[in-house]
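Note: hydrogens, waters and symmetry copies are ignored here, and every other heavy atom, side chains too, is used.
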Amino acid sequence: MKTVESPPREAIATTPVQAPLPAGDRRRRRLADQARAYGFLLGGLVCFALFSWYPAIRAVVIAFQKYTPGSDPEWVGTANFTRVWHDPEFSAAWRNTLTFTLLALLIGFAIPFVMALVLNELRHARAFFRVVVYLPVMIPPVVSALLWKWFYDPGAGLANEVLRFVHLPTSNWSNGADTALVSLVIVATWANMGGTVLIYLAALQSIPGELYEAAELDGANLLQRVRHVTVPQTRFVILMLMLLQIIATMQVFTEPFVITGGGPENATVTVLYLIYKYAFLYNDFGGACALSVMLLVLLGVFSAGYLRLTRSGEGDAA
């Protein structure tokens with residue numbers, strides 16, 4: 001048997017060990033990497049600075065000034081806040097906004113969850129119904145509002161035509177002071193629930209099937225499985241979407257602006273719509289910015305709660 005001689009030790013190639021860089025070189029390389037990264041982010045940062053950060057800071061400054069386009073601003077301190085606070089429309093706008101938010105939580109928060117449960121149980125045509133549910137989100141908000149404005153027309157609107165067809169009493173819908181706000185909540189729920197349904201559906205499909213099987217073996221019915229398995233497993237998603245919905249519904253503007261114009265009898269004037277009236281109807285930019293700062297502070301509280309919740313969820317997942 002022929003043996004193979006091993007090469008001499010001097011011929012064995014060795015991998016050279018790279019000497020560690022000095023501290024100064026490592027620091028310069030790190031700074032160069034960071035400069036390159038911020039260079040790629042420069043375009044986005046400039047856009048945010050010009051169209052988001054600067055207007056926000058400018059609005060806070062104008063809130064303490066008497067500002068009219070074409071004239072020099074005059075510093076008035078908290079006079080704008082005091083004047084807006086005593087405006088009769090101020091209390092009506094906040095009351096309508098909070099009522100809208102509450103109704104949106106009662107109506108627009110439960111319906112997407114139930115629809116996600118139904119879609120999760122489907123065995124056929126699941127993709128088709130997902131598209132149908134998400135379709136309203138793809139319609140521009142103004143087009144959606146105009147569609148519902150025709151739908152709610154008390155004369156020849158489709159809603160009252162359906163009620164007449166089934167021999168039920170008709171309604172004023174968005175033209176009635178008692179029904180206008182509820183009508184807008186229905187519009188907002190229909191227009192925005194598609195994304196919420198898909199998020200719920202993704203959360204439901206991530207629940208291990210063994211939990212449902214164990215619950216069925218214990219004799220749990222459908223409602224008990226939802227209560228003891230589905231809701232606890234999706235608790236974080238439910239709380240997160242609840243905070244996001246509160247933040248979004250407190251900024252409602254398109255529906256009252258397009259469908260009702262704030263009426264009837266200021267029944268649908270919201271905070272954001274009142275800001276629009278101060279700025280573009282009353283030409284009072286100081287009052288508009290003061291009201292914007294109030295809304296900013298309130299939404300900042302909910303946003304802080306949302307960030308805290310997401311960070312705690314990331315910590316639990318880790």
Side-chain angles (χ1 to χ4, degrees), residues 50-104 140-146 148-149 152 172-185 187-188 191 246-303:
L50 289 178
F51 302 107
S52 181
W53 300 333
Y54 173 75
I57 296 173
R58 182 66 175 150
V60 174
V61 174
I62 295 177
F64 297 93
Q65 295 176 338
K66 181 180 180 182
Y67 180 84
T68 303
S71 61
D72 295 332
E74 177 185 352
W75 190 266
V76 295
T78 60
N80 289 328
F81 293 90
T82 304
R83 178 165 45 81
V84 169
W85 182 273
H86 292 92
D87 187 352
E89 285 188 303
F90 176 83
S91 58
W94 280 104
R95 182 176 61 252
N96 293 336
T97 301
L98 294 176
T99 303
F100 186 95
T101 302
L102 180 61
L103 292 174
V142 174
V143 175
S144 175
L146 290 173
W148 279 89
K149 185 177 182 179
Y152 282 146
N172 286 327
W173 298 107
S174 59
N175 292 332
D178 298 332
T179 57
L181 204 59
V182 179
S183 301
L184 297 186
V185 172
V187 176
I246 292 174
I247 294 171
T249 52
M250 293 197 69
Q251 302 177 75
V252 59
F253 173 76
T254 304
E255 289 81 5
F257 177 75
V258 176
I259 298 177
T260 62
E265 302 174 5
N266 287 335
T268 58
V269 172
T270 60
V271 175
L272 215 61
Y273 188 76
L274 185 59
I275 293 173
Y276 163 81
K277 292 178 68 175
Y278 267 104
F280 300 104
L281 298 183
Y282 307 153
N283 205 29
D284 182 3
F285 288 88
C289 290
L291 189 55
S292 300
V293 170
M294 295 180 186
L295 183 61
L296 173 66
V297 172
L298 183 60
L299 294 180
V301 174
F302 288 107
S303 299

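- Checked against ring pair (Phe, Tyr, Trp, His ring centres under 6.0 Å), Phe302 has no partners two or more places apart in sequence or in another chain.
- For the ring pair (Phe, Tyr, Trp, His ring centres under 6.0 Å) test, residues two or more places apart in sequence or in another chain that qualify with Phe81 are Phe64.
- Aromatic ring pairs are classed by plane angle as parallel below 30°, tilted from 30° to 60° and perpendicular above 60°; the pair Phe257 and Tyr276 is perpendicular.
- Tyr273 contributes no side-chain N or O that, together with a main-chain N or O of Val252, makes up a donor-acceptor pair within less than 3.5 Å.
- Considering CD1 of Ile62 and CD1 of Ile57, their distance stands at 12.0 Å, rounded to 0.5 Å.
- The OG1 atom of Thr97 sits 12.0 Å away from atom CZ of Phe253, with the distance rounded to the nearest 0.5 Å.
- Considering every non-hydrogen atom in both Ile275 and Ala288, the closest pair reads O-CB, 3.7 Å.
- Judged by distance alone, the side chain of Thr249 and the main-chain N or O of Ala104 form no donor-acceptor pair under 3.5 Å.
- For Leu146, the side-chain contact (heavy atoms from CB on, under 4.5 Å) partners are Val142, Val258, not counting sequence neighbours.
- Residue pairs that meet the side chain to side chain donor-acceptor pair (under 3.5 Å) test with at least one member in residues 85-95, sequence neighbours left out, are Asp87-Tyr278, Glu89-Lys277, Glu89-Tyr282.
- Separating the CE atom in Met250 from the CD1 atom in Ile246 is a distance of 8.5 Å, to the nearest 0.5 Å.
- A distance of 7.5 Å separates CG in Leu272 from OG in Ser292, rounded to the nearest 0.5 Å.
- Residues meeting the side-chain contact (heavy atoms from CB on, under 4.5 Å) test with Ala191, sequence neighbours left out: Ser144.
- Identified under the side chain to side chain donor-acceptor pair (under 3.5 Å) test for residues 255-264, with sequence neighbours left out: Thr260-Thr268.
- Among all heavy-atom pairs drawn from Phe285 and Asn283, the shortest one is CE1-OD1, 3.3 Å.
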Start with the C-alpha distance between Val187 and Tyr152, add both sets of side-chain angles, then the distance that settles side-chain contact (heavy atoms from CB on, under 4.5 Å), and finish with yes or no.
CA-CA 10 Å; Val187 176; Tyr152 282 146; 3.6 Å; yes
Give every donor-acceptor pair under 3.5 Å between a side-chain atom in residues 173-183 and any protein atom, sequence neighbours left out.
residue, atom, partner, partner atom, Å
Trp173, NE1, Asn160, OD1, 2.9
Thr179, OG1, Trp173, O, 2.5
Ser183, OG, Thr179, O, 2.8

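- By the side-chain hydrogen bond (donor to acceptor under 3.5 Å, both in side chains) test, Asn80 is found to be paired with Arg83, residues two or more places apart in sequence or in another chain being considered.
- Phe90 is listed as a side-chain neighbour of Leu291, based on a closest heavy-atom distance under 4.5 Å.
- Partners of Trp148 by side-chain hydrogen bond (donor to acceptor under 3.5 Å, both in side chains), not counting sequence neighbours: none found.
- Sorted by first and then second residue, the salt bridge (Lys or Arg N to Asp or Glu O under 4.0 Å) pairs involving residues 51-67 (not counting sequence neighbours) form an empty list.
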